[in-house]
*Asks:* 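Okay, handing you the structure first.
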2 protein chains.
Amino acid sequence: MSSIWQEEIAAETRAGGRISDRFIVDKVRKAVLTQRLPPGTRLPEVALGDIFGVSRSVVRKALTRLAADYVVTQQPNQVARVRAPSIEETRETFAARRLVEGEVAALLAGRLDEEQLATIAALVEREAEAHACGDEPARIEHSLAIHHLLAEHSPNRVLGAMLTDLILRTSIVIALYKRAGLASCYLAEDHPSLLTHLHSGDAEAARRCIRDHLEALENLLDLSVRETRIDLMAILGQREGVTE
Amino acid sequence: MSSIWQEEIAAETRAGGRISDRFIVDKVRKAVLTQRLPPGTRLPEVALGDIFGVSRSVVRKALTRLAADYVVTQQPNQVARVRAPSIEETRETFAARRLVEGEVAALLAGRLDEEQLATIAALVEREAEAHACGDEPARIEHSLAIHHLLAEHSPNRVLGAMLTDLILRTSIVIALYKRAGLASCYLAEDHPSLLTHLHSGDAEAARRCIRDHLEALENLLDLSVRETRIDLMAILGQREGVTE
DNA sequence: ACCGACGTTTCTGTATACAAAGTCTCCAAC
DNA sequence: GTTGGAGACTTTGTATACAGAAACGTCGGT
């Protein structure tokens, strides 16, 4: 009965840390992001409880929070499942993120101090390196870190929190709908030029840069209407990935 | 031990409906909105459970969801309390709502059918009437209904859901920071002219109309820096409103 | 009168038990 | 071969018990 979290759970308990609902939320979220838990996966409370070594109470709280974050769906008297955002929702999520992240970038332009800019510049650099090495997981991690930094430094904290959510949701659908043959969703010019605009303080250029970047990203996805496939999968969805 | 929900609970149970976490969420939300539960109010799980006639399990789920909606704060091993958004957060919430609702209005301009427009027109009409009669609660209800309709009809459902959240959050801070002497936050021209733009299909005019409307609303609030008062209240916050 | 230690009370965190709803399987009937 | 249904099984909904943390009040000392 191998679980994909064994090592991390062992590490956490060794470290004296108690497994809390937050721990479970983080792990499930990451597993969904990396597609180790594909959409439609059943997440029964007892199974999760056994895996993490806690009772259903804790698992229930974690699932409730994951549902609030749109990571899983919870219907009365039914097993929670990993959510499968539709193609339409994917487009809408990208549009929402363009609006919000564009605004955040505009607010941020010219307002970051040297240290913050340097941090971002370093990440941009490391992302390029990782791409050159063909280390896609590392590249994704650095790319995500850049966007999360924007959210974190947003002068408007409310927008920042909304952006954090949207980054997560777009990441999930990117993983879901990445064009089959595509090795990477890397756009070499975008992050460096964003950095330039943030530095120079041109708010509208920064906004446009972000919006174009996100639109290009969306266009890298395969959002053609094989929606039937997804729907069938969601309905018949029998796969498991938790117990086994 | 009078609770502010007695009648509604009785009605619900008479109707055969079982009290669920959703019921509790709705009631608490509304009570916060109408300031019957002022910021800082303690919300102990057992007390709520007694009032609603359910066990802590149900209350806990409700509180978790209210926390996800930013209505209450939950800190480990401490009683949940009604959240007291700061003045800064209030400003940020308004800015976020201007961005999102402006976009929704722009998307909606010229895309509503006659029936939907008629529904909104009727609400605008009734809001004006309620204001004329001095029936402020009714006016607020109709005003909120207008904005919620925008959110509901948003072509972009993701943005629509975000807008629903933001409407709730701004409503709470409006109640909180309404200038003392002010009887009403009514801006006679704004809703009718929004309707005009939605009808004519001028997206940018609709966007601007919403943004101006929300900015005017924000300016009606008393957001001067008596922030100390709020902070003290949150810290000493000893008031109760649930048990009694 | 003020301050700090200590015991009491209150409240949350977690596990668990039981009931109700949903799901699956198998078998008979068409 | 497909449909329909009875039963067993699985899974969630809710209540409750107990342990531990925080808040509160009291009492002694200064």
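Order of the sequence lines sets the chain letters (A, B, ...), proteins ahead of strands, with each chain counted from 1. On a predicted model such as this, the values are computed, not experimentally measured, just so you know.
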*Asks:* On DNA chain D, nearest-nucleotide positions of A:S57 versus A:L63: which is more 5'?
*Replies:*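 Looking at the nearest nucleotide for each, A:L63 comes out on the 5' side.
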*Asks:* Starting at CZ of A:R81 and ending at C1' of C:dG22, how long is that distance when rounded to a whole Å?
*Replies:*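 My rounded result for the distance is 12 Å.
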*Asks:* Rounded to whole Å, please give me the gap between CG in A:D50 and C1' in C:dT16.
*Replies:*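 These atoms are roughly 13 Å apart.
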*Asks:* What's the closest nucleotide to the side chain of B:E45 if the choices are C:dA15, C:dG13, C:dC11?
*Replies:*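 Shortest atom-to-atom distance from the side chain points to C:dG13.
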*Asks:* Can you tell me the distance, in whole Å, between the CZ atom of A:R60 and the C1' atom of C:dG13?
*Replies:*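 Atom-to-atom, A:R60 to C:dG13, this comes out as 15 Å.
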*Asks:* Under the criterion side chain to side chain contact (heavy atoms under 4.5 Å, CB included), which of A:V82, A:D21, A:V32, A:V71 is the partner of A:L66?
*Replies:*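 So the option named by the test is A:V71.
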*Asks:* Within the pair B:Q78 and D:dA23, is there a side-chain N or O less than 4.0 Å away from OP1 or OP2?
*Replies:*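 It does, given that an N or O in the side chain of B:Q78 lies less than 4.0 Å from OP1 or OP2 of D:dA23.
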*Asks:* Just by distance, no angles: are the side chains of B:D222 and B:S224 close enough, under 3.5 Å, to form a donor-acceptor pair?
*Replies:*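 Result is yes, a qualifying pair exists.
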*Asks:* Between C:dT16 and A:R56, is there an OP1 or OP2 to side-chain N/O distance shorter than 4.0 Å?
*Replies:*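 Result: no.
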*Asks:* Within less than 4.0 Å of OP1 or OP2 of D:dT10, is there a side-chain N or O belonging to A:R42?
*Replies:*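 Looking at the OP1 and OP2 atoms of D:dT10, neither is under 4.0 Å from any side-chain N or O of A:R42.
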*Asks:* Nearest whole Å is fine: how far is C:dT14 P from A:K61 NZ?
*Replies:*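 After rounding, the reported distance stands at 8 Å.
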*Asks:* For the pair made of CG in A:N77 and C1' in D:dT10, what is the distance, rounded to whole Å?
*Replies:*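 Computing the A:N77:CG to D:dT10:C1' distance gives 12 Å.
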*Asks:* Separation of A:L43 atom CG from D:dT12 atom C1', in whole Å?
*Replies:*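 Computing the A:L43:CG to D:dT12:C1' distance gives 14 Å.
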*Asks:* Could you tell me if A:T73 and A:R81 have a donor-acceptor pair between their side chains, going purely by distance under 3.5 Å?
*Replies:*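 A:R81 vs A:T73: no donor-acceptor pair found between side chains.
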